[in-house]
Chemist: 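Got a structure for you, written out below as structure tokens; questions coming shortly.
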Amino acid sequence: MPTEMAKAYDPKEAQTKWLAYWDELAVGHAEADPSKKPFSIVIPPPNVTGALHLGHALNNTLQDVLIRWRRMQGYNAEWIPGTDHAGIATQSVVEKRIFQEEKKTRHDLGREELVGRIWKWKEQYEKRILGQLRELGASADWQRTRFTLDPMCAKAVRETFFRMFRDGYIYRGKRLVNWDTQLQTSVSDDETTTEDTNGGFWTFKYPVKGMPDTFIRFSTTRPETMLGDTAVCVHPSDERYKALVGKMVTIPLVGREIPIIADALLADPTLGTGCVKVTPAHDPNDYACWTRNPQIGMINILNPDGTINSEGGKYAGLDRFKAREAVVAAMEELGFFEGKEDRKIPLKYSDRSKTIIEPLLSDQWFVKMTDRDDGKPGLAQMAMDAVTDGRVKFFPERYASSYLDWLGEKRDWCVSRQLWWGHRIPVWTAMIQVGGIVDDDYEAKLKKIQQSAIAELSDFLTATGISSSDYVIELDGEATLRCCTATEKAEKALQALQSYKESCLFEKVVPGKPIGQALREVPGFEMATSAAAKIWSFSDLKQDSDVLDTWFSSALWPHSTFGWPEPTPELKHFYPTSVLVTSRDIITLWVARMVMTGLYNMGDVPFRNVYVHTKILDGFGEGMSKSKGNGVDPLDIIELYGTDALRFGMVALATETQDSRMPVVNICPHCSAGVPVKQEHMYMRTKKLTCPSCKKPFRPGGPWLAEDPELPTAKQGSDRFEMGRNFANKLWNATRFILMNLEGYTPAAISPESLPIEDRWILSRLVTTANAITESLDGFRFSEVTKHLYDFSWSEFCDWYIEMAKGRMKDPAGRAGVQQVLAGVLDAIVRLAQPVMPFLAESLWQSLNEAAPVRGFPEPTKAGNTVTQTAWPTFPAMWQDTGMETRIARMQELVRIVRDVRNRYMVDGKTALNVSVKCGAEVAKDFEALKPFITLLAGVGEFKTSPDQVKPKQAASQVTADFECYVSLEGLIDPAAEVKRLEKQLADKVKSLEGTEKKLNNADFVKRAPESVITEQRELLADLTKQIASLKETIAELKS
RNA sequence: GGUCGCUUAGCUCAGUUGGUUAGAGUACUAGCAUGACACGCUAGGGGUCACAGGUUCGAAUCCUGUAGCGACCA
């Protein structure tokens, strides 16, 4: 006797049990096996900044659905899990925390200590995140878990950087960054806050050269930047200034002459004087203007600490705000000051130091996106081609356009970050330092020195045993040597050289000066005579202190995780991966870059398909985020509804639309009442709520860092998960019921033609459903998967088939057959449910294994020991039988009509109703055959059907296309109420009829519409006419 | 500012190449302890498909505009 199933599904029990079981079986692990068809996915690695929220639950559920499904289909399914180090985000979170707790900055700690602390943070969150994924049921290959900063990924990063450097795709250039003058680092946009601040709005004038008494006026909020002006700008259509464009003005403070230029994007003729000063090195808009007008040049006037540098002439050394006062005073004194007004100005502040951000031009590393000089496509074009020619497909298709639009700009990618947490750039820089007196002409001497320097560095590396193909030495400007290498050996050698002090002493060494400057400063340079044997040395050999953009390492993820650059069997077997599942906000940041590096390193795309899923918003239409505190922890949902319900909910909301709303309630920890989350609760502003139903206080759910010892914290829930929970319980109970009736079960082969109608019907529906689910998965239409599964299992199998089967269960003659079909259909449902609801499926599978170990269609077989590794269901197409489906549908219509009458007239469920049906002989014969079901399902007593039935007195009637149904109601009718209801129905029908008539009377319609549509309309017309006649007749009868 | 989307029942969402009387879940109403399930069963009410034009024999669906919302980019 099989173990009796509990009355309700207990998700917690199932989760604990099957997670351990699947671990034991290593369900997610796959080995490279050329004899199998691979199906592979790499996880979009969640960053280790914090725990996962519902968005991640969605993303990972969908990946798991695909992996579980393909595994069942017999593919060698490999899903690589892992996490991302998320450079700036993680470093900033950890730094903030250290500052809060210890009042120390990263400079107090030092690079090594800070990085050590971040690793500790990472260990903690990686564990938490991987734990959440496991709880979610992710059947990933845990043995291959990766981290973007682990040695395997690091190797791929160094190798890629080296190759790109060698091939000329990486260069050093300038870019405006948000500069924090206190911490002396650049910060990203999301680490700044913009606040309205009291400031000034000064107006000055510059004299136009060669035009006495002509001035050009402009206003600024930062007068000190005048020191770095390289142009003034007007709108090309501005009549006031048309004549002045091309003329020069003088900056009175420094005497520099700068041009008046026209730029429609920068100058707005309707604002102020219509003229603006242009300081490309210190303002983003001006910088953009410079990119359009590079001839104006740019001048950096700031030191990293916020003081004015030597470009500022006599203002050099002054703090930026002191310089502002000095500059204003000087302009006033010179007579070029026109006025000042006080204004509120939006200013960017650094999140961490709270100082005002300075836009600063600084040296950065870039990856070149543009096409190559030899005319071949560059990285961006290669990645675009992969999508336009279909090697990579987007689902939904429309997302391809945002990918293409963004790549089409081919903007170079700034890959350096002034951070300490990340992959350090594998480039060593040395200055060529010169000593001695130079006698030849400058150019020739310089070239010789440069060549000697390169040769010496090469010789050194060769002597250390490093192949010349493992490093690249590049000369930048006159005196900077760069050496890029990916091998650890070369790295070590350079590290050693870094501490190597040149022992030679030269005549008149000028320490610390780059060669160009040094040469110029050597007295008597022009007429120098001695040709010293060696007049230079290296200095300052050191590794670049910057780290790479996080996306640089994530971009390699689809091949680095399989071991690239080593030619591993995994790489060969699983690359390119099958599909990338991600959200739309990182199509540009990440997807595009993965395609680029995949093509560059592997010569092939990283994935065949990109599925871009819905974004989950809160009940107010706002995206969930950690800072808003409106994210929901999937573990809350798992706790309240179970993992299967969470996953079902996730899959159900994965439609083709962009967003999906998720109104959330706090579940009162005392009484479990749902208290809706309100907008004012956001940003964790509300620390305490009182339950309106039990009046006890609690803390609303949110990303709190610690438990509150005073108040219990609410879990957050949403009724959108109830559907999945209820469905799981429904399937559980259907199984329970079937198992209760499987005593004496004997397996046997099934052949539909010999089966009764209801069996043939459910098999036909099963085939249709299984095919539909397979097709939906194939096309990444996830929501349809749950819909088909739900509708078939609940509305057809449970509501109709099981009900119809109840009779045969008690009938010794029919029992064996119905048991086989019940077990077989249930077996298929469990398999179809496995990808979406694996815990439930495994539970049902195991129970079914006890009661009916040999089962399934068409030939029963011994079921495997886990549903996760069993075959995906497929059935003979000929089992689909539209004839059966029509017959059962007609019966369902009849049953519903009778039930409706019963409900409407409040007839007790136990009272049998007498029903007669007037219809064609064929239909009557069919109803006669189905009579046992009709009487059972609709609670019918006497049932008569034939073409010559007449409507009894005092009967409810309903006309359909195929039959007229009369339900005798002797004395139960309230004539007035019935007339009212029927009249409403009549009005609806008449409206429909009119519409249909109009269509059919329209000559164009009849002429142009397809034959099938016209036929349909004609049938509808006949149908409606019949129904209207019947309704009128009934109404008249009731009124009389 | 540019680009891509969204707006269908009180709520959350489906709705395929334009073609029957626009569907589901939930909420609501009524009835029901029916030998699987109240996380249930049986029914019912509820929609001018954001708005305004246009194309078409025919529009929730295609086009244009307006309003509101979202995301990305600048």
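Computed from heavy atoms alone, side chains included, the values below leave out hydrogens, waters and symmetry copies. The model shown is predicted, which means the values in this text are computed figures rather than measured ones. Proteins come first, then strands; the chains are lettered A, B, ... in the order of their sequence lines, and each starts at number 1.
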Chemist: Contacts to RNA chain B from residues 642-650 of chain A, heavy-atom cutoff under 4.0 Å, which residues?
Modeler: none

Chemist: Polar atom pairs between nucleotides 15-24 of chain B and protein, under 3.5 Å, N or O only, would you list them?
Modeler:
{"from": "B:U21", "atom 1": "O4'", "to": "A:S992", "atom 2": "OG", "distance (Å)": "3.1"}

Chemist: I'd like to check the ring-ring contact (aromatic ring centres under 6.0 Å, His included) partners of A:Y611; sequence neighbours left out, ordered by chain and number.
Modeler: A:F780, A:F782

Chemist: Could I get the full list of side chain to side chain contact (heavy atoms under 4.5 Å, CB included) partners for A:D585, not counting sequence neighbours?
Modeler: A:S583, A:K615

Chemist: The criterion is side chain to side chain contact (heavy atoms under 4.5 Å, CB included); which residues satisfy it with A:N741, sequence neighbours excluded?
Modeler: A:F737, A:M809

Chemist: Tell me, please, which residues at least two apart from A:K787 pass salt bridge (charged side-chain N to carboxylate O under 4.0 Å, His left out).
Modeler: A:D791

Chemist: Quick one: list whatever passes salt bridge (charged side-chain N to carboxylate O under 4.0 Å, His left out) with A:R411, sequence neighbours left out.
Modeler: A:E409

Chemist: Among residues at least two apart in sequence or on other chains, which ones pass side chain to side chain contact (heavy atoms under 4.5 Å, CB included) with A:S660?
Modeler: A:T614, A:L653, A:R720

Chemist: If a protein heavy atom is under 4.0 Å from the base, mark B; if only from the sugar-phosphate, S; if neither, -; do that for nucleotides 68-74 of chain B going 5' to 3'.
Modeler: --BSSSS

Chemist: List the residues meeting side chain to side chain contact (heavy atoms under 4.5 Å, CB included) with A:S843, not counting sequence neighbours, and say none if there are none.
Modeler: A:Y9, A:A14, A:W18, A:W732

Chemist: Which one, B:G40, B:A36, B:U42, comes nearest to the side chain of A:D799?
Modeler: B:U42

Chemist: Taking ring-ring contact (aromatic ring centres under 6.0 Å, His included) as the test, write out the residues that go with A:W413, two or more places apart.
Modeler: A:F552

Chemist: For RNA chain B, list all stems, counting runs of three or more consecutive pairs where every pair is Watson-Crick or G-U wobble with both distances under 3.5 Å.
Modeler: B:1-7 with B:67-73, B:10-13 with B:23-26, B:28-32 with B:40-44, B:50-54 with B:62-66

